[in-house]
**Student:** 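Let me give you the structure first, and then I'll get to my questions.
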There are 2 protein chains.
Amino acid sequence: MEKLYSIKDVAEHFDLPISTIRYYDKKGLLPFVSKNQAGYRVFSKSDFGFIQTICCLKNTGMPIEKIRDYIQLCMQGTSTIKQRKYLLQEHKQNVLDQQRILNESLKEINTKLDRYSSDDAFNIISTQIKYVETEKRTLNLHDPFLTK
Amino acid sequence: MEKLYSIKDVAEHFDLPISTIRYYDKKGLLPFVSKNQAGYRVFSKSDFGFIQTICCLKNTGMPIEKIRDYIQLCMQGTSTIKQRKYLLQEHKQNVLDQQRILNESLKEINTKLDRYSSDDAFNIISTQIKYVETEKRTLNLHDPFLTK
DNA sequence: TATTGCTCTAAACTATGGTTTAGGGTTTAA
DNA sequence: TTAAACCCTAAACCATAGTTTAGAGCAATA
């Protein structure tokens, strides 16, 4: 049941441009990929697992260089389990931080959307504008609003 | 109680480099900021509100150009409320997508961390390595593991 | 009043993560 | 056996989001 896959197969499976896969290979992210006699990359099923991991780390904002470090640790066998664990624990904290920031920002966006969607949106925004204009005038600063 | 603030004050408040604030101004994100006779930027309290919004959009991955568009709509007064709402609704969907991706990726990371933290980590990883090596051998591909 | 610290612009530079192009070989199917 | 579809590398190119530098002016204080 074992099968070989081309770079195109991989690109389609992960919805990535072929050029990106080549780029990742050049950056050292794909040391597990073989090449055939013609110099073509040939992928096996287990390579898909590694690439899935690469996409997961990429999607959570890990820089290419660090992904490469992680993959290289994987290639060094069981002796690097502790290092991989530390690396992923640190990254997990980054992901949790990103989630927190995203949540907080989403609240701000929802607050604004509620205002814009309110029946009273016009009056709310008008009042805000007037407040800013008053403050700017008091401080002798230019009125930033373009409403002539 | 009205007060003026320098670029340094703003930088410290938002924990941004001064150079970034100048960069945002150059990119058109800060049309509400005045300058004094010496050409120095002077910020008022209400400017902090706009900049808070800019940071919120930046933190959720909105490109500079789109933030500029949003701020410019704000400066055009109440007539652009509907456009602002659409812009933010679209962006909110992006944020929700980001959250989904982050959640899914976090699950994968946790799965790996569980493995690395297990008492049986060594055996689990060993077995995985052997599986890959067998597959690669069957397909006549090189063994990517560096364990001599 | 002079030093220190703050500010400015313009332009060059950097980092990251790719994409595109040029030139050329391989594979498959009609 | 040839055209279409694939694959390769190297190198140039691009976009985004800044940062740094150079050269200069303003402000506060000892």
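The analysis underlying the following values was restricted to heavy atoms, covering all of them including side chains, and did not include hydrogens, waters or symmetry mates. Chain letters run A, B, ... following the sequence lines, proteins first and then strands; every chain starts at 1.
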**Student:** Should A:Arg68 and A:Tyr24 count as side-chain neighbours, where that means a heavy-atom distance under 4.5 Å?
**Tutor:**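 The answer is no; the side chains never approach within 4.5 Å.
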**Student:** Have a look at A:Tyr86 and tell me which of A:Lys82, A:Glu90, A:Gln83 forms a side chain to side chain contact (heavy atoms under 4.5 Å, CB included) with it.
**Tutor:** A:Lys82
**Student:** Which whole-number value in Å describes the distance from B:Glu65 CD to D:dA15 C1'?
**Tutor:**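 Answer to the nearest Å: 11 Å.
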**Student:** Does the plane of the ring in A:Phe48 sit parallel, tilted or perpendicular to the ring in A:Tyr5? Use 30° and 60° as the thresholds.
**Tutor:** perpendicular
**Student:** Using whole Å, report how far OH of B:Tyr24 lies from P of D:dT19.
**Tutor:**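 Roughly 8 Å, once rounded to whole Å.
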**Student:** Within this structure, what is the CZ-to-P distance between B:Arg41 and D:dG25, rounded to whole angstrom?
**Tutor:**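 Taking atom P of D:dG25 as the reference, CZ of B:Arg41 is at 18 Å.
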**Student:** What's the OH-P distance between B:Tyr40 and D:dA27, to the nearest Å?
**Tutor:** 6 Å
**Student:** Atom CG of A:Asp25 to atom P of D:dA10: distance rounded to whole Å?
**Tutor:** 11 Å
**Student:** Calculate the interatomic distance between B:Arg68 atom CZ and D:dA17 atom C1'; express it in whole Å.
**Tutor:** 14 Å
**Student:** If each of A:Gln37 and A:Tyr23 is mapped to the nucleotide of DNA chain C with the nearest heavy atom, which maps nearer the 5' terminus, i.e. the 5' end?
**Tutor:**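 Final value for this comparison: A:Tyr23.
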**Student:** Under 4.0 angstrom, heavy atoms only, what part of the nucleic acid is A:Lys27 near: base, sugar-phosphate, or nothing?
**Tutor:**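 Here A:Lys27 touches no strand at all.
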**Student:** May I ask you to test the B:Phe32-A:Leu141 pair for a side-chain heavy-atom distance under 4.5 Å?
**Tutor:** no
**Student:** So, is A:Ser6 close to the D:dC6 phosphate, meaning a side-chain N or O under 4.0 Å from OP1 or OP2?
**Tutor:**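 Checking D:dC6 against A:Ser6, no side-chain N or O comes under 4.0 Å of OP1 or OP2.
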**Student:** Between B:Asn123 and B:Ser126, does any side-chain donor sit less than 3.5 Å from a side-chain acceptor?
**Tutor:** no
**Student:** Side chains of B:Asp143 and B:Lys136: closer than 4.5 Å at any heavy-atom pair?
**Tutor:**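 Sidechains of B:Lys136 and B:Asp143: no contact.
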**Student:** Whole-Å distance between D:dT9 P and A:Ile21 CD1?
**Tutor:** 13 Å
**Student:** With DNA chain C as reference, determine whether A:Ser19 or B:Ile7 sits nearer its 5' end, using the nearest nucleotide of each.
**Tutor:** B:Ile7
**Student:** What is the distance, rounded to the nearest whole Å, between atom CE of B:Met62 and atom C1' of D:dA15?
**Tutor:**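 Spelled out: CE on B:Met62 to C1' on D:dA15 is 18 Å.
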**Student:** Does B:Arg22 have a side-chain nitrogen or oxygen under 4.0 Å from the phosphate oxygens OP1 or OP2 of D:dT21?
**Tutor:** no
**Student:** For B:Asp97 and B:Gln93, test the side chains for any donor-to-acceptor distance below 3.5 angstrom and give the result as yes or no.
**Tutor:**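 There is such a pair (donor and acceptor under 3.5 Å, judged by atom type) between the side chains of B:Asp97 and B:Gln93.
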**Student:** If you find the nucleotide of DNA chain D closest to B:Asn36 and the one closest to B:Lys58, which residue's nucleotide is nearer the 5' end?
**Tutor:** B:Lys58
**Student:** I'd like the 5' and 3' limits of the part of DNA chain C contacted by chain A, with heavy-atom contacts below 4.0 Å.
**Tutor:**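 That gives a stretch of C:dG17 to C:dT27.
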